[in-house]
Amino acid sequence: MEASLADWLRDRQRSMLRQMVKLVSKPGILSLAGGLPEPELFPTEQLAAAYAKALATDPRALQYGGTSERLKEQIVELASRRGIRARPEEVVLTTGAQQGIDIAVRSLLEQGGTVLLDEMSYTGIHQTAAPRTPEWLETPVDLEHGSDAEAARELLDQRKLEQRAAPDLAYLIPDGHNPLGVSVSEERRQAWAELLARHQVPLIEDDPYGLVWFEQEFAAPFKARIPEWTLYLSSFSKILAPGLRLGFMLVPEALAERIGVVKESGDLECSGLTQRAVSTVLEGDFLDDHLNHVRGVYAQRRDALLEALDRHLTPFATWTRPRGGMFSWLELNADLGIESVPLLERSLEQEQVAFLPGIAFSLPGSGAADRAKRSMRLSFSTLSPELFDGAVAAIARQVEQLATRHR
Ligand SMILES: Cc1ncc(COP(=O)(O)O)c(C=O)c1O
């Protein structure tokens, strides 16, 4: 049936990320590769009780049933923790933030339209936009301040000068960026907000890590700055558990019904049983204590990773110092001439240590390909703190050996 596949799919390689994840998920591997939350943090007891209660009290928990009004109110309350003032009418439930990206892309992107995004970004945006064969406009990123608003301004102003249409959408991850682990600085957030509003470019703001901050709350997201231009996405995956497959969008109220139709066309609705269970878990004080615990555990692991990087890789590379989320991004110095794919092969073979090569997060033909090729994403979410030193020392050993060969 190969020849019958739609053009965009026939020509498509399997996602490099998926191939890599498969390669590095073998037992016995010390892995900084996976992007998964720590399963020990899943509130299994609370969820077990909440699911049991939903099933015991009302068989309609298993019926088709639309959206729980109570859960929408609770989501509005959750969003207020990010400084967002929303109304229940603006909430669209999704099967995770990933479905939110898909719904937002299908709602905004024309066939052959234009997507503005970071030069290294979460691959979910690449996958969901691909069927529309878009033109990609890449914004440079740096490891301290995040997505470069000034470069985006030049791009958009130039397009306007050439009388070309503004992009159909922009996609940004304001905090705990996957894969970069960076947060967009306050100055750049403000500049981006003004730029998008001025050029009337709708923003998909992907914020699944917004409540996973460590020392200090993250700055206000775009939804709190330019709500009328923002489709905001978040999820319970990183704060409760990804297996719930429950997330949400906050959209301008005038669009909510039509965006709801896009959701419906995909999978009708989110599981009513899970909606009830999550709603029960969100009642009371549990979430506050739970979030504090989650932040504490990840912050400790982040510290262990950064200490190990400082100790073993200082002469060879630079990396992000994440203020939240689950990832750091490391770039090997260009003059070493080392690429991260062969480095991964050696690390796996000789050290049983894994990470994800940066190239997995850039588009084919990206202007940032050279940089991505000497980069890696390091996840600190699932290793216990005492394992980081050995894992990073092993990578450093392989870097040193390759560096000696290149000299
Ligand atoms: C930036 C980003 N967006 C979306 C997702 C998808 O999350 P969900 O489980 O909510 O679909 C992830 C998951 O890793 C992510 O890192």
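We count ligands from 1, going down the list as the structure has it; atoms in each ligand are counted the same way. Numbering starts at 1 and runs along the sequence shown.
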Is the shortest side-chain N to carboxylate O distance from [X] to [Y] below 4.0 Å?
X	Y	answer
Asp102	Lys263	no
Glu228	Lys223	no
Glu339	Arg346	no

Pairs of nitrogen or oxygen atoms, one from ligand 1 and one from the protein, closer than 3.5 Å: please tabulate them with distances.
residue  : atom   : partner : partner atom : Å
ligand 1 : 3 (N)  : Asp206  : OD1          : 3.4
ligand 1 : 3 (N)  : Asp206  : OD2          : 2.5
ligand 1 : 9 (O)  : Ser237  : OG           : 2.6
ligand 1 : 9 (O)  : Arg245  : NH1          : 2.9
ligand 1 : 10 (O) : Ala97   : N            : 2.7
ligand 1 : 10 (O) : Ser235  : OG           : 2.6
ligand 1 : 10 (O) : Ser237  : OG           : 3.2
ligand 1 : 11 (O) : Ala97   : N            : 3.1
ligand 1 : 11 (O) : Gln98   : N            : 2.9
ligand 1 : 11 (O) : Arg245  : NH2          : 2.9
ligand 1 : 14 (O) : Tyr209  : OH           : 3.4
ligand 1 : 14 (O) : Lys238  : NZ           : 2.9
ligand 1 : 16 (O) : Asn178  : ND2          : 2.8
ligand 1 : 16 (O) : Tyr209  : OH           : 2.7

Q. Do you know which of His177, Gln127, Gln98 makes side-chain hydrogen bond (donor to acceptor under 3.5 Å, both in side chains) with Tyr122?
A. Gln98
Q. In terms of the angle between their ring planes, are Tyr298 and Phe380 parallel, tilted or perpendicular, with boundaries placed at 30° and 60°?
A. perpendicular
Q: With Phe222 as reference, evaluate Ile204, Leu231, Thr230 under the side chain to side chain contact (heavy atoms under 4.5 Å, CB included) test and give the passing residue.
A: Thr230
